[in-house]
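In what follows, a single structure is set out as structure tokens and then discussed.
Every number for a ligand or one of its atoms is a count from 1 in the order of the listing. The structure presented is a predicted model; accordingly, all values stated were derived computationally and were not measured.
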Amino acid sequence: MQPLRERYDVVIVGGAAVGSAAAYFLAADPAFAGASLLVVEKDASYREAATTLSAASIRHQFSTPENIRLSQFGTAFLREVGTALRVDDEVPNVGFREGGYLFLAGPEGLTALETRHETQRALGADVRLLKPQLLAECFPWLATGDLAGASLGLSGEGWLDAWSLLRALKRKARSLRAEYVEDCVVGLSRRGRRIESVRLAGGATVGCRWLLNCAGTGATSLAALAGIELPVEARKRCVFHFQCATPISGSPLVVDPSGAWFRPEGPGWIAGIAPPPGADPVDPGFEVDWSQWEERLWPLLAARVPAFEAVRVKSAWAGHYDVNTLDCNAILGPHPGLDNLLFANGFSGHGLQQAPAVGRALAEWVTTGASRSLDLSRFGWAR
Ligand SMILES: Cc1cc2nc3c(=O)[nH]c(=O)nc-3n(C[C@H](O)[C@H](O)[C@H](O)COP(=O)(O)OP(=O)(O)OC[C@H]3O[C@@H](n4cnc5c(N)ncnc54)[C@H](O)[C@@H]3O)c2cc1C
């Protein structure tokens, strides 16, 4: 590895999906030509990064227009990823499968589903409302007796391989001269409205014109180094991988009214559910909470898909959402008290799909002073 410079135009803290997307969009931007870029990543194995522990799914079925737009760009990017992130003869394949999302609603959730549908359609999302009879015809393996309707994504939504996307973003960014160093940012030097330099655990101090906080659940401690309180907390979420004796084909990612979700993964399935409100452990750790499967998830899945009464769990893992405790949406852009520190944190479970659009927005902030392609002010600090 080449020695670090004394100073970089941009230093990005965190080199997973969001940091590497920002590195790629910056390095690829002609307005950034000749500028220098360093990504500081404390663990190049990404063992505990949300990116690699994610369920790696993408949907357009949000209620907030900005979330819909961020994911729509994510889909467009994923469709062209082989071209955008090609390096020499290596054309990345991130396994993007447009399998769709199916949101199920009981009588009490139908009005909200229909309202969200209006917003999504107005923004061009390819979604369709299904009445119970059509739902039962399309998905005969679902128990639909208690349902009042559903919303199905016909195109644009689905899932991918998060590791492959991360590798491709990083490889492309490096090929365009982004530098990566495996080290941990442990100190920031702030003068007035600017961050002047970062201190690394390895001993180096590196000056920066811009600093990008893409540190996932580490973003809160990083912000604290600049004297800023970031309302982002780590919340453990478990994903269970299982196989079902009965073959079921053509399943989208299904979101049950209970909050339980499942989708195909290769020849098997993955599924998860958030803990009940207020039940998140104080110290999340990375151990799988098997009681979630036994006591909540499996009974809910078997009630929704009778074939899931006979399943075999193959494996499970736990990762950490970076939850914005204010409103469960990302915090994007500059802090009102600092001119050169940009935030991209608090994705609350949507960050993988939003990484391409957020990476582009961060690059635009650096090169033009604003997010030009999308108005992301709703996700700014001012809210
Ligand atoms: C179980 C689970 C399921 C999910 N499912 C989905 C999904 O289906 N769809 C979706 O869109 N999103 C999903 N998410 C959320 C998504 O994975 C995250 O929002 C997204 O990956 C965030 O990316 P990031 O790059 O901001 O953070 P991370 O992937 O957490 O990366 C942050 C990086 O910063 C590094 N870092 C932290 N502090 C420092 C420091 N001081 N110095 C140097 N490096 C540092 C870390 O080592 C890490 O690699 C899921 C998350 C989990 C946990």
Side-chain angles (χ1 to χ4, degrees), residues 11-23 38-60 62 67 70-71 74-75 78 101 157-160 162-163 165-166 169-170 180-188 198-202 206 211-225 232 234-241 253 255 261 263 265 270-274 284 286 288-289 292 316-324 328-332 343-359 362:
V11 172
I12 300 176
V13 188
V18 173
S20 291
L38 177 69
V39 182
V40 186
E41 169 52 56
K42 70 177 178 187
D43 177 12
S45 77
Y46 298 100
R47 206 162 43 97
E48 296 183 348
T51 295
T52 52
L53 296 169
S54 148
S57 308
I58 174 165
R59 62 179 157 118
H60 299 170
F62 286 95
N67 278 329
L70 286 167
S71 287
T75 296
L78 290 170
Y101 266 64
E157 301 183 319
W159 47 90
L160 62 140
W163 247 115
L165 176 63
L166 170 56
L169 284 166
K170 193 169 167 176
Y180 277 69
V181 63
E182 187 169 8
D183 211 325
C184 183
V185 174
V186 291
L188 300 180
V198 304
R199 188 159 52 80
L200 306 185
V206 179
L211 183 66
L212 274 49
N213 183 348
C214 302
T217 55
T220 311
S221 344
L222 187 73
L225 295 174
V232 171
R235 298 278 165 79
K236 178 155 79 179
R237 295 292 177 267
C238 299
V239 181
F240 299 88
H241 178 213
L253 189 156
V255 185
W261 60 267
R263 71 158 170 85
E265 173 72 13
I270 58 172
I273 188 167
F286 285 90
V288 171
D289 178 357
Q292 272 185 28
W317 71 88
H320 292 171
Y321 273 18
D322 55 336
V323 171
N324 171 3
C328 288
N329 278 316
I331 298 168
L332 300 177
F343 289 80
N345 312 115
F347 291 100
S348 311
H350 326 136
L352 188 76
Q353 62 199 279
Q354 297 186 340
V358 169
L362 290 169

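- Residues that satisfy the ring-ring contact (aromatic ring centres under 6.0 Å, His included) test with Phe343, not counting sequence neighbours, are Trp381.
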Would Asn329 and Asn67 satisfy side chain to side chain donor-acceptor pair (under 3.5 Å), going step by step from the backbone distance to the final call? CA-CA 8 Å; Asn329 278 316; Asn67 278 329; 2.8 Å; yes

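- Residues forming a ring-ring contact (aromatic ring centres under 6.0 Å, His included) with Phe240 (at least two apart in sequence, or on another chain): Trp290, Trp293.
- A donor-acceptor pair under 3.5 Å is absent between the side-chain atoms of Asp322 and the main chain of Val232, judged by distance alone.
- Between His320 and Glu48 the shortest side-chain heavy-atom distance does not fall below 4.5 Å.
- In this view, Thr217 satisfies the side-chain hydrogen bond (donor to acceptor under 3.5 Å, both in side chains) rule with no residue, not counting sequence neighbours.
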Polar pairs, ligand 1 vs protein, N/O only, below 3.5 Å.
| unit_1 | atom_1 | unit_2 | atom_2 | d |
| --- | --- | --- | --- | --- |
| ligand 1 | 5 (N) | Ala55 | N | 3.0 |
| ligand 1 | 8 (O) | Ala56 | N | 3.3 |
| ligand 1 | 8 (O) | Ser57 | N | 3.0 |
| ligand 1 | 9 (N) | Ser57 | O | 2.8 |
| ligand 1 | 11 (O) | His350 | O | 3.2 |
| ligand 1 | 11 (O) | Leu352 | N | 3.1 |
| ligand 1 | 11 (O) | Gln353 | N | 2.8 |
| ligand 1 | 11 (O) | Gln353 | NE2 | 2.9 |
| ligand 1 | 12 (N) | Gly349 | O | 3.1 |
| ligand 1 | 12 (N) | Leu352 | N | 3.4 |
| ligand 1 | 17 (O) | Ala50 | O | 3.1 |
| ligand 1 | 19 (O) | Gly351 | N | 3.0 |
| ligand 1 | 21 (O) | Thr51 | N | 3.2 |
| ligand 1 | 21 (O) | Thr51 | OG1 | 2.9 |
| ligand 1 | 23 (O) | Thr51 | OG1 | 3.4 |
| ligand 1 | 25 (O) | Ala17 | N | 3.4 |
| ligand 1 | 25 (O) | Val18 | N | 3.0 |
| ligand 1 | 29 (O) | Ala50 | N | 3.3 |
| ligand 1 | 29 (O) | Thr51 | N | 2.9 |
| ligand 1 | 29 (O) | Thr51 | OG1 | 2.6 |
| ligand 1 | 30 (O) | Ala50 | N | 3.1 |
| ligand 1 | 41 (N) | Val185 | O | 3.2 |
| ligand 1 | 42 (N) | Val185 | N | 3.0 |
| ligand 1 | 44 (N) | Lys42 | N | 3.2 |
| ligand 1 | 47 (O) | Glu41 | OE2 | 2.6 |
| ligand 1 | 49 (O) | Glu41 | OE1 | 2.7 |
| ligand 1 | 49 (O) | Glu41 | OE2 | 3.0 |

